Structure formats: structure tokens, C-alpha cells
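Every value quoted in this text rests on a predicted model; they were computed, and no experiment measured them.
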Amino acid sequence: MTAFDLYRPTSLPEALRLGAELEGARYLGGGTDLMVRIREGKQRPKALVSLGRIAELEGLSVGETTRIGAGTRVAALLESPALAELFPALVQAAGRLGSVQIRNLATAGGNLCNASPCADLAPPLLVAEARLEVAGPAGRREVPLADFFTAPGTTRLGPGELLCAIHVPRPRSGTRACFLKHGRVAMDIALASLAVAVELDGETVTQARLAAGSVAPRPVRLPRTEALLAGQRLTPELLARVKAEASAEVQPISDVRAGADFRRHMIGVLLGRALAALLGAQKDGRSA
């Protein structure tokens with residue numbers, strides 16, 4: 001593990017100044033991914049700028065637009081009944097992220113900025129059509145989450161920029177959503193994950209939004225499968241078609257944890273389970 005200087009600013013302007021002035025500096029959120037890479041020698045930053053003392057980056061407010069501070073711990077997402085009611089898929093994903101110890105350290109913003117294809121919070125935030133508030137030397141800007149990831153480990157954050165908050169619009173009435181994840185063991189990273197949000201008129205799916213993780217170079221929406229579902233009443237024939245389309249739409253790789261064919265198969269399996277849960281809940285009058 002190489003030596004580095006650690007800075008602990010207490011305001012956003014101070015953090016941005018340090019990020020701009022310090023050559024080779026990296027911003028540090030919870031550190032659950034970055035510190036592992038530093039210990040393994042995969043990254044050698046000369047300086048770390050910790051964001052843990054900046055109050056502006058903390059906290060959660062639920063309303064017409066829900067704001068999640070980038071520094072909000074993943075564990076805190078599990079403690080909000082209002083968040084669970086509006087965005088059940090996001091809370092389900094938070095509950096599947098690592099262990100209790102990791103959730104107590106990891107931050108919502110860090111999970112996105114790490115830009116891993118298997119980032120648990122990314123699929124539910126993609127189907128919720130989240131937008132990201134970014135600050136940098138040139139000021140603030142918003143980036144749709146759908147445009148944020150560019151490749152494994154890289155995002156549209158520019159030099160010196162950091163993620164301040166995640167903004168999520170209130171879902172339309174009647175929206176139901178869930179998140180499913182398949183891994184080798186309970187605390188493993190996903191071999192495949194899927195978030196599904198559907199808007200229903202009776203038993204007809206008026207609109208569907210799907211996002212998958214661990215099956216492409218970055219977390220992705222599945223627009224072709226969404227189009228197949230829109231305006232349709234789910235029948236066994238349609239279910240078979242959308243499962244096949246979802247499996248064909250992803251672009252997984254084979255690695256030491258799973259083969260590409262298995263990951264494609266699992267996306268179809270997860271989609272079938274998600275639709276059964278969401279539409280079954282509709283018939284029963286339950287939330288899902």
C-alpha cells in the first residue's frame with residue numbers, strides 16, 4: 001500500500017479547491033471500494049480528499065423530488081419508511097448491498113461514482129429516472145443517471161468534479177417496482193441484477209422501465225424489452241417473448257464468476273420473477 005496525504009475538508013468549496021489544487025488527488029466517500037484498490041496497488045493516488053465531514057453531502061429528504069445526499073450511507077436508505085414506500089426497488093437494492101458493516105460505510109454517491117457494472121443502486125435509480133447534481137470548478141450541473149456511466153470504472157465526471165446529490169422524481173400513481181439480484185452467495189456482488197418499474201391500468205402494463213446490472217459494461221436500461229411490454233396485458237406468450245428479448249438485449253461477459261450465457265439466462269429468469277411479483281401484487285391489491 002503506497003503512502004498518500006489525507007485531507008478532511010468541512011465544506012464543499014474547500015473540497016473542490018483541494019480537488020483542483022492537489023495533483024493526483026482522489027475524492028474519498030465511504031472508501032469501501034477505493035481503499036481496497038489502494039491496498040491491492042491497483043490505484044496509487046498521491047492524496048485523498050475525504051468528503052465525510054461535509055454536511056451538504058449528507059441526508060435524505062423525501063418529497064415531490066427526493067434528494068439523496070451523495071454522502072448518505074447506504075444503511076440510512078434502509079431506515080426511511082417514506083423512501084421504502086415511494087421507491088421500494090431502491091431500498092431492496094440497498095438491503096442487498098454487501099454486509100451490514102459495508103452498508104454502514106458505503107455511500108450512495110460512492111456506489112454510483114465507482115461506476116461498476118454491478119453497482120446495486122444503479123438499476124433501481126435508472127428505472128426511477130434519477131438525475132445527478134454535480135459540482136466542480138466551473139460550477140454546478142445536472143446529469144441524467146442514464147448518461148452518467150461511460151465504461152467500467154468511468155463516468156462523465158470531469159476533472160475536479162464530484163457528485164453532490166441524487167434527485168429522484170416522485171413516481172406516477174400506480175407505479176410498482178422491485179429489484180432482484182442473483183449472486184453466488186448472500187453477500188456476493190451480482191452475477192446479474194434487474195430493477196423493474198411498471199405502470200398499470202388494471203392488468204395492462206401501460207409503461208415499463210427495466211434496468212440491468214452485471215450484464216453489460218455498465219448498468220443499462222433495456223429499451224427494446226420495455227417497448228414489448230408497453231400497452232400490453234401480460235400473457236404466457238408475451239412473457240416468453242419479453243424474457244427472450246431481455247436476454248438478447250444485454251451484453252454480458254464471461255469471467256471467473258459466471259459465463260455470459262448463464263448471465264443472459266438469469267436476466268430472463270429475474271424478469272419473469274419480477275413481473276410475477278408486481279402483477280401478482282396488483283391482482284391481490286398489495287404493494288410490491
Heavy-atom side-chain contact between L28 and M35 under 4.5 Å: yes
Shared hydrophobic cluster for V74 and V100 (ILVMFWY, side-chain gaps under 4.5 Å): no
Point-to-point distance, once rounded to the nearest 0.5 Å, from CG of L60 to CD of E79: 10.0 Å
Distance (rounded to the nearest 0.5 Å) between M266 CE and D261 CG: 13.5 Å
CA sep, side-chain torsions, deciding dist, call: L180, S193, side-chain contact (heavy atoms from CB on, under 4.5 Å): CA-CA 6 Å; L180 297 175; S193 65; over 6 Å; no
Side-chain heavy-atom pair V205, R233 within 4.5 angstrom cut-off: no
Donor-acceptor contact present, side-chain D255 to main-chain A258, <3.5 Å: yes
Distance, nearest 0.5 Å, that separates NZ of K46 from CG of D5: 10.5 Å
Main-chain N/O of K243 paired with S247 side-chain donor or acceptor, under 3.5 Å: yes
Contact summary for C118 and A190, nearest pair of heavy atoms: CB-O, 4.1 Å
Closest approach of V49 to A25 (non-hydrogen atoms, all atoms of both residues): CG2-CB, 4.3 Å
R170 side-chain N/O to T66 backbone N/O, donor-acceptor pair under 3.5 Å: no
Pairwise side-chain contact, L112 with F149, heavy-atom cut-off 4.5 Å (strictly under): yes
Min side-chain heavy-atom separation I102-L97 under 4.5 Å: yes
Verdict with reasoning, E133 to R141, per salt bridge (charged side-chain N to carboxylate O under 4.0 Å, His left out): CA-CA 6 Å; E133 179 186 344; R141 64 189 178 101; over 6 Å; no
Stepwise side-chain contact (heavy atoms from CB on, under 4.5 Å) test for R156 and T150: CA-CA 7 Å; R156 295 201 183 280; T150 55; 3.7 Å; yes
Flag, side chain of T72 to backbone of G69, donor-acceptor distance under 3.5 Å: yes
CD on Q207 to CG on D201, rounded to 0.5 Å: 13.0 Å
With sequence neighbours excluded, residues passing salt bridge (Lys or Arg N to Asp or Glu O under 4.0 Å) with E199: R172, R209
E249 and T225: CA distance, side-chain angles, deciding distance, side-chain hydrogen bond (donor to acceptor under 3.5 Å, both in side chains) verdict: CA-CA 8 Å; E249 198 166 6; T225 310; 2.7 Å; yes
Short side-chain to backbone donor-acceptor contact, R218 and S116, under 3.5 Å: no
For P124 against A195, the heavy-atom pair lying closest together: N-CB, 3.5 Å
Exam field: side chain R263 to backbone L191, donor-acceptor pair closer than 3.5 Å: yes
Candidate pair R221 and E129, rule side-chain contact (heavy atoms from CB on, under 4.5 Å), full reasoning: CA-CA 10 Å; R221 288 277 294 269; E129 301 182 309; 4.2 Å; yes
Crowding at CD, E21 (>12 non-hydrogen neighbours, <6.0 Å): yes
Cluster overlap L194 with V127, hydrophobic side-chain contacts below 4.5 Å: no
Same cluster (ILVMFWY, side-chain, under 4.5 Å), L126 and V215: no
Test log, rule side-chain contact (heavy atoms from CB on, under 4.5 Å), inputs Y7 and L48: CA-CA 6 Å; Y7 297 82; L48 294 181; over 6 Å; no
Path from L222 to L278 over hydrophobic side-chain contacts below 4.5 Å: yes
L157-L22 co-clustered via ILVMFWY side chain contacts under 4.5 Å: no
L162 and V134, any side-chain heavy atoms less than 4.5 Å apart: no
Quiz: residues 51-59 side-chain donor-acceptor pairs under 3.5 angstrom, not counting sequence neighbours:
from : atom 1 : to   : atom 2 : distance (Å)
E56  : OE2    : R140 : NH1    : 3.0
E56  : OE2    : R140 : NH2    : 2.6

Test item: N111 side-chain N/O and L121 main-chain N/O as donor-acceptor pair under 3.5 Å: yes
Smallest separation among heavy atoms of G95 and R103, with atom names: O-NH1, 3.2 Å
I166 backbone acceptor or donor facing R131 side chain under 3.5 Å: no
Side chain to side chain, V196 and V198, heavy atoms closer than 4.5 Å: yes
Under 3.5 Å donor-acceptor, R73 side chain and L105 backbone: yes
Point-to-point distance, once rounded to the nearest 0.5 Å, from CZ of F87 to CG of L77: 11.5 Å
T155 and L163, any side-chain heavy atoms less than 4.5 Å apart: no
Note, T32 side chain near T107 side chain (heavy atom, < 4.5 Å): no
Other residues, nucleotides, ligands: >12 heavy atoms within 6.0 Å of E23 CD: no
Check ion pair D188-K181 (N to O, under 4.0 angstrom): no
Whether over 12 other heavy atoms sit under 6.0 Å from R257 CZ: yes
Closest approach of G272 to L239 (non-hydrogen atoms, all atoms of both residues): CA-CD1, 4.1 Å
Any donor-acceptor pair under 3.5 Å from E245 side chain to R241 backbone: no
